[in-house]
Amino acid sequence: MVGFFRSGNLASRVFDRQFLSPRPGATVNTVRQFYENLVPSYTIYDIDCPDYSFRKFTDDGKYLVAFSRNHQDLIVYRPIWLTFSCHEECDSHDLPANAERFESFFKQLYSISLASSNEYICEDFFLYMECHQYGLFATSTARSNESSVTEGAIHGVPSIEKITFYLVRLEDGAILDEKAFCNDFINLAHSIGAYLYEDLVCIVSLRYQTIHVLQIRDSGSLVEVRRIGAFCREDDELFLYSHGQAAQGSSFLPGIKQRLLSFIFHKTWNEEPDQALRVQHLKKKFYFHFQDYVDLIIWKVQFLDRHHLFIKFGSVNGRVTRSTDQNLAFFAVYNMETTEIVSLYQQNSSEELYSLFEHYYDHFHANPQNSLHEKFISSNPNSVHALDQLRTIKSKASSPSQFVKKMMASLPYTCQSQSPSPYFDLSIFRYDEKLFSAIDRHRHCTEHPIKFISVRQPNVVKFKIKPGSDSGASDSRGKRISSLFHPFFPLALSIQQTNMQPTVVNVHFRR
């Protein structure tokens, strides 16, 4: 009973902390256990708030990013805390009238216009550089599926007249620099087309099959430091022109494609040790599929570290969709310094890649070590609960190959797509991931409250999040919800969206 009381009483746990020191290196994880008692305990339904599209909290919790409904303006808030006083027991009093307003929890810092009349802010795109508090945003003109055929463009990929990336200092809204791409296509949905690692950003041009590597300087400027695609080294083009071999039309394969074919050739060559059978093996495994390899295009890229890229090559028949799982796909690890492909895996059948994914999951997310919050996201290597959950899913799969295919479909990972909130920590709470998740995605609305259950006390519901209305009588069909959890405050927003209906925002906080 003493153990139960201390685990459920915040004052007792704070008192114990004065006498018991955590093991070396375990201080932060020990502090995070306090969130068993610091939970959202009160909800304000359909709070009076501006009709904005709320994107996310920054990972350091200092800012809440939102966009106007006409997709022209960027609005940035700073989280504050509701304060009020009363003469008697506060729990017996209703909240003051101003608590029903959004401004009681968030202070608007500024609103700036990013997009021009024919451009729109991509509300799904936002990357945050924590050390300098810079935000990277994107605007684009309308997408055109009837794009003209230009040299170097991939047939079947749509075109956007102009895509512009803006680097904004979130402290005061100053636009520090911008980078524009014309008559190109970059997948901006959920930040798929760009990846931020420390001060480096890679942007994937699907239309021209080029990886643009930009560096964010301390001064706030965006400088292109590398371009990978038709050429892999900075002087490749100069070398060809100086030798009278300038590429014209389709006479040369892109440099990155040549690296891919070369790696596949040598790998196939070394698979057969018998010299007499090697040629036949090459014909069967390499030359028979040669055109399929040539037709592969870059779909998605992420950093593994400052020198290595993790690239997904997929079939051009996959079109520009969010899923190309049914088509031929490979994963390549590319060294930008040596311009060599280090390793290659086939998406649907690579047990080796799945083993790396299971044991070195954190390396696929490439979370910078100087981030105070992202490195505590639950994952297979750092949480036995996450590993048990993964293995449970694996045991229930219809076949091992289907399970591997499903797990590999999410690679390469989307940058900053997981919330670092401790309420998603699988070592502290259990919850239904089909309804709520740390991953930044919309979910189908449910009228039943989502329960967060203590891991150490499996029968104790610590708190509930009810994303729907207070009455619970509304129809959930056609509704989608998204959740925005603050990285360390017991504060969350659940946002319910319905076609042709105003957005409903609920605030969940500790009273």
Side-chain angles (χ1 to χ4, degrees), residues 187 189-190 192 195 264 267 271 285 289 292-293 296-304 308-315 317-319 321-333 341-367 377-419 424-427 429-444 446 450 453 455 458:
N187 195 348
H190 300 291
I192 289 175
Y195 199 95
I264 296 175
K267 182 179 180 181
E271 283 176 353
K285 296 291 186 179
H289 299 285
D292 293 330
Y293 297 144
L296 291 173
I297 65 172
I298 298 172
W299 281 106
K300 194 176 178 183
V301 179
Q302 73 163 91
F303 282 105
L304 293 177
H308 293 87
L309 296 176
F310 190 57
I311 306 174
K312 180 177 182 178
F313 290 93
S315 169
N317 296 327
R319 304 294 179 186
T321 60
R322 295 185 180 180
S323 175
T324 56
D325 302 342
Q326 303 301 321
N327 301 282
L328 183 67
F330 291 89
F331 296 110
V333 177
I341 289 181
V342 178
S343 56
L344 187 71
Y345 310 93
Q346 188 164 355
Q347 174 180 323
N348 296 340
S349 59
S350 179
E351 293 287 346
E352 180 184 358
L353 181 60
Y354 171 74
S355 179
L356 293 172
F357 164 82
E358 181 175 317
H359 295 94
Y360 303 99
Y361 177 92
D362 291 339
H363 292 270
F364 287 95
H365 275 282
N367 292 325
I377 294 175
S378 295
S379 63
N380 311 330
N382 66 28
S383 172
V384 294
H385 305 281
L387 183 60
D388 288 343
Q389 187 179 73
L390 177 66
R391 290 176 175 173
T392 300
I393 298 173
K394 184 177 181 180
S395 64
K396 294 180 179 179
S398 56
S399 67
S401 60
Q402 288 295 321
F403 173 76
V404 170
K405 178 180 177 181
K406 179 181 178 181
M407 292 294 106
M408 297 300 99
S410 59
L411 297 177
Y413 276 114
T414 304
C415 185
Q416 299 180 3
S417 61
Q418 287 186 283
S419 170
F424 292 116
D425 191 331
L426 296 177
S427 65
F429 298 101
R430 290 189 298 108
Y431 50 90
D432 190 346
E433 290 203 53
K434 295 180 181 179
L435 303 177
F436 246 37
S437 174
I439 298 176
D440 179 23
R441 287 293 188 273
H442 286 92
R443 304 278 173 166
H444 290 294
T446 174
I450 300 163
I453 302 172
V455 169

Student: Once rounded to the nearest 0.5 Å, what's the spacing between atom CD of Gln346 and atom CD of Glu352?
Tutor: 13.0 Å
Student: Rounded at 0.5 Å granularity, tell me how far NE2 in His289 sits from CD1 in Ile264.
Tutor: 10.5 Å
Student: Would you compute the distance between atom CZ of Phe313 and atom CZ of Phe330 and round it to the nearest 0.5 angstrom?
Tutor: 10.5 Å
Student: May I have the step-by-step check of side chain to side chain contact (heavy atoms under 4.5 Å, CB included) for Lys394 and Leu390, ending in yes or no?
Tutor: CA-CA 6 Å; Lys394 184 177 181 180; Leu390 177 66; 5.8 Å; no
Student: Rounded to the nearest 0.5 Å, what's the gap from CD1 on Ile377 to CG on Leu426? Could you check?
Tutor: 11.0 Å
Student: Examine distances only and state if a side-chain atom of Thr392 and a backbone atom of Asp388 form a donor-acceptor pair shorter than 3.5 Å.
Tutor: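 Yes; judged by distance alone, with no hydrogens or angles, the pair exists.
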Student: Would a 4.5 Å heavy-atom cut-off, applied to side chains only, mark Val301 and Phe310 as touching?
Tutor: no
Student: Taking the side chain as every heavy atom from C-beta outward, state whether Lys300 and Thr414 have any pair of such atoms under 4.5 Å apart.
Tutor: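 Side chain of Lys300 against side chain of Thr414, heavy atoms only: contact under 4.5 Å found.
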Student: What's the spacing between Ile439 CD1 and Ser410 OG if we round to 0.5 Å?
Tutor: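 Answer rounded to 0.5 Å: 8.0 Å.
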Student: To the nearest 0.5 Å, tell me how far Trp299 CH2 sits from Lys312 NZ.
Tutor: 9.0 Å
Student: Please find the pair of heavy atoms, one from Tyr413 and one from Tyr361, that lie closest to each other, and give the distance.
Tutor: OH-CE1, 3.1 Å
Student: Run the side chain to side chain contact (heavy atoms under 4.5 Å, CB included) test on Ile311 and Phe331 for me, step by step, so that the C-alpha distance in whole Å, both residues' side-chain angles and the decisive distance to 0.1 Å come before the verdict.
Tutor: CA-CA 6 Å; Ile311 306 174; Phe331 296 110; over 6 Å; no
Student: Checking the side chain of Tyr431 only, and the main-chain atoms of Phe424 only, is there a donor and an acceptor separated by less than 3.5 Å?
Tutor: yes
Student: State, yes or no, whether a side-chain contact exists between Arg391 and Glu358 at a heavy-atom distance under 4.5 Å.
Tutor: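 Yes. Closest side-chain heavy atoms under 4.5 Å.
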Student: Using atom types as modelled and distance alone, determine if a side-chain donor or acceptor of Gln302 lies under 3.5 Å from a backbone N or O of Tyr195.
Tutor: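 Side chain of Gln302 to backbone of Tyr195: no pair is present.
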